[in-house]
Amino acid sequence: MFSNIKIILVQASHPGNIGAVMRAMETMGLDELLLVAPKQYNHPDVTSMASNATKVVEKVTVVETLTDALEGSEIVIGTSARFRSISLPKLSARECGTLCLKNKHKNIAILFGSERTGLTNEQLMCCSKQVYIPTSDHYSVLNLAMAVQVICYEIKMASLQEQLNSSINQTVSLAEYQEIHSFYLHLEKVLNKMVFFHSNEPKKLMLKLRRLFNRVNLEKSEINILRGILNYIDKYEH
Ligand code: SAH
């Protein structure tokens, strides 16, 4: 599903973590995993921790260098809990999910460092952005597989949100500028007639009301309801 997104583990040292990363990815629908010079890979802990992550297990690629792993990547993102002195633009895990979804047609690589050292400054400098997972102040470093889980979860959530937004957009017709503008004129006219503005500052109040309605994307049907209410008030004998 997210075939444009590669998860790259740089020099992972625990085979159990590699297996747990496979499971984390498969549960979230990602299956492109690259291992750069893992310390131990042919180890029973990989398969036992991977459990039923069959797609990732079948497709996993092992390469010698980070340069090999990054071949063809257009957006390279590094994950780290530590902020460095020479720093990159930072994104939270959530913002990273959104960025991945916005760049569906680009090849994206997300780098994770080794358990002992994390990503070195040099490895981080292959990236255009640093992603952090927000944590408590006193302990900010997650286990490698858990960090992968959080990042993949945010990608999955961003994609669910996108699906939701597009289904809402398909079923709903939003009111056009003219319709909204006419509604504001109508509202102002009725408020005036009700002498509502008497003790208020009419211009300021209308601006505030416009700002209120502008915050929601008014649908055509909602404008019709509001205009109906205004018509009703307008006809009502005071
Ligand atoms: N000892 C290392 C941490 C290694 S944890 C250090 O001090 O940097 C293994 C990897 O998990 C990290 O390299 C990073 O890729 C990821 N990770 C762990 N915690 C993270 C966090 N809070 N935000 C982003 N990535 C994190």
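Position 1 is the first residue of the sequence; numbering continues from there. Remember, it's 1-based here, ligands and their atoms both numbered in the order they're listed.
- Counting non-hydrogen atoms of neighbouring residues, nucleotides and ligands closer than 6.0 angstrom, the CE atom of Met49 reaches no more than 12 such neighbours.
- In this structure, the side chain of Glu222 engages the main chain of Glu219 through a donor-acceptor pair within 3.5 Å.
- Here the CD atom belonging to Glu71 is positioned 9.5 Å from the OG1 atom belonging to Thr65, to the nearest 0.5 angstrom.
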Item to check | Step-by-step side chain to side chain contact (heavy atoms under 4.5 Å, CB included) determination, Arg227 to Ser182 | outcome: CA-CA 9 Å; Arg227 296 285 303 258; Ser182 310; 3.3 Å; yes

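- Under 4.0 Å from any atom of ligand 1, one finds heavy atoms of residues Thr79, Ser80, Ala81, Arg82, Phe112, Gly113, Ser114, Glu115, Arg116, Thr117, Gly118, Leu119, Val131, Tyr132, Ile133, Thr135, Ser140, Val141, Leu142, Leu144, Ala147.
- Residue Leu35 holds its CG atom at 5.5 Å from CG of Leu9, rounded to the nearest 0.5 Å.
- The list of ring-ring contact (aromatic ring centres under 6.0 Å, His included) pairs with a residue in residues 52-111, not counting sequence neighbours, reads Phe83-Tyr132.
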